[in-house]
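Report on one structure; see the data block that follows.
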Amino acid sequence: MKIISSIDDLRDQLSGQLRTAFVPTMGNLHEGHLSLMRLARKHGDPVVASIFVNRLQFGPNEDFDKYPRTFQADVEKLEKEGVYVLFAPTEKDLYPEPQEYRVQPPDGLGNILEGEFRPGFFNGVCTVVTKLFSCVQPRVAVFGKKDYQQLMIIRNMARQFAMPTEIIGAETFRADDGLALSSRNGYLSTEERLEAPFLYQTLNWVAEQTRGGHPDLLALERAAMARLAERGWKPDYVSIRKRMNLQAPTADEHAAGAPLVVLAAAKLGNTRLIDNLEI
Ligand code: PAF
């Protein structure tokens with residue numbers, strides 16, 4: 001595997017490649033990321049991964065400084081997966097001058113759910129993903145469904161800018177007890193790790209109630225948040241939305257069977273976890 005940090009070297013290395021499959025990451029790779037690499041391989045060749053902890057998508061009080069950086073272990077994992085190039089720019093490589101031009105998603109999608117609780121997050125994500133796409137020029141790129149809203153925003157962005165990159169969504173990779181794998185799970189204490197699958201259990205409970213015809217989705221969301229709070233979680237949201245645009249369904253749309261997804265974000269101790277489940 002070639003490890004490349006400069007944009008020019010990356011372009012030289014990938015010149016003439018028309019079927020590149022790309023998986024952007026922030027490192028600290030776990031089985032979930034590796035499943036994205038395997039899916040990428042099915043959709044293109046060569047597979048290119050990136051590792052870059054993108055300052056632009058972290059708020060001032062968020063975990064940019066303590067975000068886990070495990071570069072050597074990550075390299076070994078990617079080598080085993082047969083990744084051809086790892087693009088691992090430094091901040092100077094990717095942002096040699098202040099990144100003043102930004103990609104701003106529409107308010108209706110970028111400022112709801114995660115965007116409401118993490119202002120600027122999707123602006124930072126869209127900006128870096130656009131820049132990474134411009135460097136790698138992939139034919140396909142793979143993103144996990146665990147970051148459901150991120151996947152939708154990037155898919156819409158790629159379509160609206162007519163980017164020549166197909167966006168592929170990968171199923172969420174879960175531990176045996178249901179917890180969605182995430183680099184931030186590493187922040188959990190032993191006790192918190194035992195409690196953490198309750199978030200997914202709550203999503204399943206909401207999905208069952210919804211499928212069973214619960215008449216009031218807002219009341220159901222509130223009940224789910226109360227269940228989390230009772231066990232010491234601090235929920236930001238539990239929200240049932242339409243899969244097509246992440247807006248709340250009207251009663252008529254719900255009755256007509258609009259495909260739904262329930263999304264949640266909640267803090268357990270100091271660790272903020274997110275998850276979702278298609279209903
Ligand atoms: O999902 C992530 O790890 C990041 O948001 C991404 C897409 C690599 C952009 O920094």
Side-chain angles (χ1 to χ4, degrees), residues 4-5 7 10 20-37 39-40 47-59 62-71 73-74 77-78 81 83 85-91 93-95 99 102-105 109-110 113-115 117-136 138 140-158 161 163 165-173 180-187 263 265 271-276:
I4 296 178
S5 58
I7 295 176
L10 182 76
T20 300
F22 178 44
V23 186
T25 81
M26 298 205 300
N28 192 235
L29 303 181
H30 49 65
E31 271 303 314
H33 293 111
L34 303 184
S35 73
L36 304 185
M37 305 297 157
L39 185 60
V47 174
V48 174
S50 67
I51 294 181
F52 182 69
V53 184
N54 173 39
R55 189 187 289 275
L56 298 187
Q57 71 192 70
F58 288 79
E62 293 187 349
D63 54 345
F64 175 77
D65 287 329
K66 76 164 188 171
Y67 197 85
R69 289 157 171 88
T70 50
F71 190 70
D74 293 348
K77 289 176 186 165
L78 293 176
E81 292 302 326
V83 168
V85 167
L86 168 59
F87 180 44
T90 63
E91 285 199 277
D93 288 313
L94 205 62
Y95 300 130
Q99 185 68 33
R102 300 291 191 96
V103 181
Q104 175 68 30
L109 193 52
L113 302 167
E114 281 305 279
F117 290 90
R118 304 187 64 189
F121 171 66
F122 288 118
N123 178 304
V125 168
C126 288
T127 302
V128 80
V129 169
T130 300
K131 193 152 187 177
L132 290 167
F133 281 6
S134 158
C135 299
V136 175
V140 301
V142 180
F143 294 83
K145 275 193 183 180
K146 166 160 176 296
D147 297 295
Y148 203 89
Q149 190 178 4
Q150 168 174 281
L151 170 62
M152 178 171 289
I153 287 177
I154 290 171
R155 188 172 269 147
N156 290 358
M157 174 183 86
F161 282 118
M163 291 175 173
T165 303
E166 181 191 344
I167 307 300
I168 304 209
E171 291 306 321
T172 301
F173 200 98
L181 295 202
S182 159
S183 300
R184 292 191 168 98
N185 293 350
Y187 298 150
L263 306 103
T271 306
R272 188 171 180 281
L273 300 178
I274 65 170
D275 202 353
N276 65 78

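Counting starts at 1 for both ligands and their atoms, following the listed order.
- With hydrogens and angles ignored, the 3.5 Å screen pairs a side-chain donor or acceptor of T25 with a backbone N or O of S50.
- No side-chain heavy atom of M37 sits under 4.5 Å from any side-chain heavy atom of K77.
- Partners of R102 by salt bridge (charged side-chain N to carboxylate O under 4.0 Å, His left out), not counting sequence neighbours: none found.
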Note every protein N or O atom lying under 3.5 Å from an N or O atom of ligand 1, pairing the names and giving the distance.
{"unit_1": "ligand 1", "atom_1": "1 (O)", "unit_2": "Q150", "atom_2": "NE2", "d": "2.8"}
{"unit_1": "ligand 1", "atom_1": "5 (O)", "unit_2": "Q57", "atom_2": "NE2", "d": "2.9"}
{"unit_1": "ligand 1", "atom_1": "5 (O)", "unit_2": "Q150", "atom_2": "OE1", "d": "2.8"}
{"unit_1": "ligand 1", "atom_1": "10 (O)", "unit_2": "Q57", "atom_2": "OE1", "d": "2.7"}

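- A donor-acceptor distance shorter than 3.5 angstrom exists from the side chain of S35 to the backbone of G32, with no hydrogens or angles considered.
- Residues forming a side chain to side chain donor-acceptor pair (under 3.5 Å) with N276 (at least two apart in sequence, or on another chain): none.
- Under the ring pair (Phe, Tyr, Trp, His ring centres under 6.0 Å) criterion, Y95 pairs with F52, not counting sequence neighbours.
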